[in-house]
Amino acid sequence: MSNAISSPMEFKNYKAFHYTYAGRELVIETGKLAGLANGSVLVRYGETAILCCATASAKPREGIDFLPLSVDYDERMYAAGKIPGGYLKREGKPSEKAVLTSRVIDRPIRPLFPKDLRNDVALTLTVMSVDPDCSPEIAAMIGASTALAISDIPWNGPIGGAYIGLVDGKLVLNPTEAEQKKSDLQLTVAASTEKVVMIEAGANEVDDDTMYEAIMFAHREIKDLLVFIHAIIDEIGKPKFSYPSCELDHDMFDKVFAFCEKDMMEALDTDDKNVRDEKVVPITDAILEKFSEEYPEIGSMMDELIYKIQKKIVRRWLLVDKKRVDGRRMDQIRPLGSEVGLLPRAHGSGLFTRGQTQVLTVATLGMLSEAQMLDGIDSETEKRYMHHYNMPGFSTGEAKPSRSPGRREIGHGALAERSLVPVLPSPEEFPYAIRLVSDVVSSNGSTSQGSVCGSTLALMDAGVPIKAPVAGISCGLITAEDGSWDTMLDIQGLEDFYGDMDFKVAGTHKGITSIQMDLKVDGLTPEIIKAALTQTHIGRDYIIDEVLLKAIPAPRAEVSKYAPKMTSFKIDPDKIREVIGKGGSVIQKIVAESGAKVDIDDDGIICIAAVNGESAAKAKAMIDAIVFEPEVGAVYTGKVTGIKEFGCFVEYAPGKEGMVHISKIAPKRIEKVEDVLALGDVVKVKYMGLDKKGRMDFSIKDAE
């Protein structure tokens, strides 16, 4: 048996590439970790560390007509020095922020894959260390791009990412945690050297010009970053592997298109999705009957075939004829409608209709203690405002069971939530936790922005004093091979499917509160971005004035009679123990006698919730009686709680007792307290001040 000990491992292929990004060191390491992945890098940005791995299957997946790409942003709680909550004490399903980050990275990467690639591709981005001053989201995006670019997976990258803040009116690249707390802008941009490929933003009513300049500022910084990434690719990048193209047979497509072109144009030429779908069914049957003998496998390709036939027709209409399937002008919004107060027992409700898209948003108000608790790797621990989005099968006419929310639902809910946050009142102004639920009851495009409009209606109907109404609308894009392009306002389903862009913008009259931009092409020029910002501003102004404010011109003066009535005030933190009482006895008594709910924060903020104002007032009066110091000469009503030889104890406020000496119980001398008083008697006592020993002195005989 050998006693030899293995020598320390050497990583012969290890390389580290250094770059200074926003004044902090960015290091991309290769050749040490995850050597079996097609491409892998460890990104270090400050003390943030992300392991980014790209893998692809050796063969295409059969029977699909899309790229099976997955992007997973995996947060490890140890990255922030935390132990996960819950019974199992291990990471469970991804947090909402992790899901949103996965989507933000997926969106700019996906359009750059070859259109005919069907191999499974997986990007796994594992957060191993978090420096709050160095965004792990941006580090993960840079790492994902680099891992793909140096791998042998076919991909037309790289891209770079930047996070832009607006602090004291100045644009800041990759702001620190302290700067983020003061920032009026949270903008994430992904770009190639030539074009912007993804925009995600939240903003405190930032004007169009400032937003445009922020996007351009990000692109300039990304261009410099990409010089660094290209140098890495040149040094260690692998040749891309070849793959069998899954493109449709061009001859077959041309024959089928010529056969059904006229009928398909007639079927698509309607503003009613149901009518269109019904007309497509006999066309599909006719194609199968005509071509099944010549092309036996055409049945398995039918979904992709119909998609590409419709896409060719719709894009030709938009590019050449400036014609939309529902007959609108390129800058025209679909018919609009709005209504509030649909659900009598809900605290607030609003229905927003745009064409065949309908979103019903319902607002529920609760105590601040009902805020959502967060268990993540950043410093955010709770969320007072929650927005949830649901899109059941019936909204698109599909017979499918309901499932838990997927990434799309989580993303749309978060986008609507981000859009409304800047106009919400502070907890001091409106001491409620707020939950909105947007149920899509009919869908034909732009449901996320319909949720924004429905949310404004629901909040105002619930009596939430928002600072300004918010509307959301989308702008589409159609591009030609010669570089020409045109935008279209308020895209419906087909224009989203077959167009090149979904540029969603929400905001007030004053400015933008959110942006989310999805692309199917390789990027946007500055001119297209400028046009989209201008067009969406005109659209949201129209919706606010002509639709939302005509349904409800201002937030209701009072919350619903079914909503809890809130009272919030502050006490001396030293008095908190007295309000709670031993083992919670005092607070329990207040709740039982008043019928109200009471929350107490460590800083002395007390929040009272009750179904009616009388209960809230009673609870407040009981707390006031506990925390205030008795005034010399004042008379209080109390209950006899204890009898001793030397006197009695009287509870003059909940949980607070004072002693009355036997000499001050009655106008004349008494031998025993029991001759005059019994436990439970209600008496009036006068506060005489402190006695010689510094004790509170009360009198019954002087209270008469």
Side-chain angles (χ1 to χ4, degrees), residues 59-69 110-111 113-119 154 242-327 356 396-399 444-445 476-482 484-486 488 491-502 520-522:
K59 296 181 180 180
R61 191 193 298 185
E62 294 183 1
I64 60 171
D65 57 1
F66 60 91
L67 170 68
L69 169 67
R110 188 177 292 271
F113 282 96
K115 303 300 181 187
D116 57 347
L117 180 66
R118 298 293 180 266
N119 298 58
S242 58
Y243 60 93
S245 174
C246 295
E247 191 71 37
L248 283 176
D249 180 275
H250 292 289
D251 290 337
M252 178 188 70
F253 177 81
D254 291 342
K255 288 180 182 179
V256 173
F257 186 81
F259 170 74
C260 69
E261 177 182 5
K262 183 178 178 182
D263 291 338
M264 189 65 78
M265 289 175 65
E266 182 182 346
L268 294 176
D269 195 9
T270 176
D271 61 354
D272 192 317
K273 182 178 181 293
N274 291 328
V275 171
R276 180 168 61 246
D277 292 344
E278 288 174 7
K279 288 185 175 181
V280 170
V281 172
I283 298 173
T284 303
D285 294 340
I287 292 171
L288 285 170
E289 183 178 350
K290 173 74 175 177
F291 294 100
S292 289
E293 185 175 340
E294 183 177 0
Y295 302 105
E297 297 181 355
I298 194 172
S300 63
M301 307 174 187
M302 189 56 63
D303 287 345
E304 185 176 6
L305 194 59
I306 294 297
Y307 171 85
K308 292 197 171 183
I309 291 169
Q310 293 184 348
K311 182 176 181 178
K312 184 174 181 178
I313 293 171
V314 171
R315 291 181 67 86
R316 187 174 63 194
W317 278 347
L318 291 169
L319 278 169
V320 179
D321 303 329
K322 305 301 178 187
K323 168 185 170 65
R324 303 177 75 168
V325 293
D326 54 6
Q356 288 185 302
T396 54
E398 297 176 83
N444 190 15
L477 173 72
I478 192 75
T479 58
E481 292 182 2
D482 63 3
S484 60
W485 56 272
D486 202 356
M488 47 203 166
I491 57 174
Q492 62 167 302
L494 278 185
E495 294 164 339
D496 186 6
F497 300 151
Y498 304 139
D500 296 324
M501 175 182 78
D502 185 3
K520 297 175 185 173
V521 291
D522 62 355

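Note that the coordinates shown come from a computational prediction; the quantities given were computed from them, not determined experimentally. Just so you know, residue 1 is the first one in the sequence shown, and it goes up from there.
Considering only heavy atoms from C-beta on, Ile306 comes within 4.5 Å of Ile287 through its side chain. Looking only at side-chain heavy atoms (C-beta outward), Met501 and Thr479 stay at 4.5 Å or farther from each other. Side-chain contact between Asp522 and Pro111 is absent, with no heavy-atom pair separated by less than 4.5 Å. Counting only heavy atoms from C-beta outward, the side chains of Asp65 and Tyr307 never approach each other to under 4.5 Å. Residues Asp269 and Lys323 form a side-chain contact, since some pair of their non-hydrogen atoms from C-beta on lies under 4.5 Å apart. For the pair Asp249 and Met301, the minimum side-chain heavy-atom distance is 4.5 Å or more. Counting heavy atoms from C-beta outward, Asp502 and Ile491 have side chains that approach closer than 4.5 Å.
Using bins of under 30°, 30° to 60° and over 60° for the plane-to-plane angle, the ring pair Phe257/Phe253 lands in the parallel bin.
In terms of heavy atoms, Phe113 sits closest to Pro154 at CD2-O, 3.3 Å. When every heavy atom of Ile478 is checked against every heavy atom of Tyr498, the shortest pair comes out as CD1-O, 4.5 Å. The two residues Glu266 and Lys279 make their nearest non-hydrogen contact at O-NZ, 4.0 Å. Heavy-atom minimum distance, Gln492 versus Val325: NE2-CG2, 3.2 Å. The two residues Arg61 and Pro68 have their closest heavy-atom pair at NH2-CB, 3.4 Å.
Side-chain polar atoms of Ser484 and Asp482 form a donor-acceptor pair below 3.5 angstrom.
Within 6.0 Å of the CD atom in Glu398, the count of heavy atoms belonging to other residues, nucleotides or ligands exceeds 12.
Salt bridge Glu304/Lys308: present, at least one basic N to carboxylate O contact under 4.0 Å. Ion pairing between a basic and an acidic side chain is recognised when a charged N comes within 4.0 Å of a carboxylate O; Asp251 and Lys255 show no such pairing.
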Candidate pair Asp272 and Arg276, rule salt bridge (charged side-chain N to carboxylate O under 4.0 Å, His left out), full reasoning
CA-CA 6 Å; Asp272 192 317; Arg276 180 168 61 246; over 6 Å; no
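How far CH2 of Trp317 is from NZ of Lys322: 15.5 Å, rounded to the nearest 0.5 Å.
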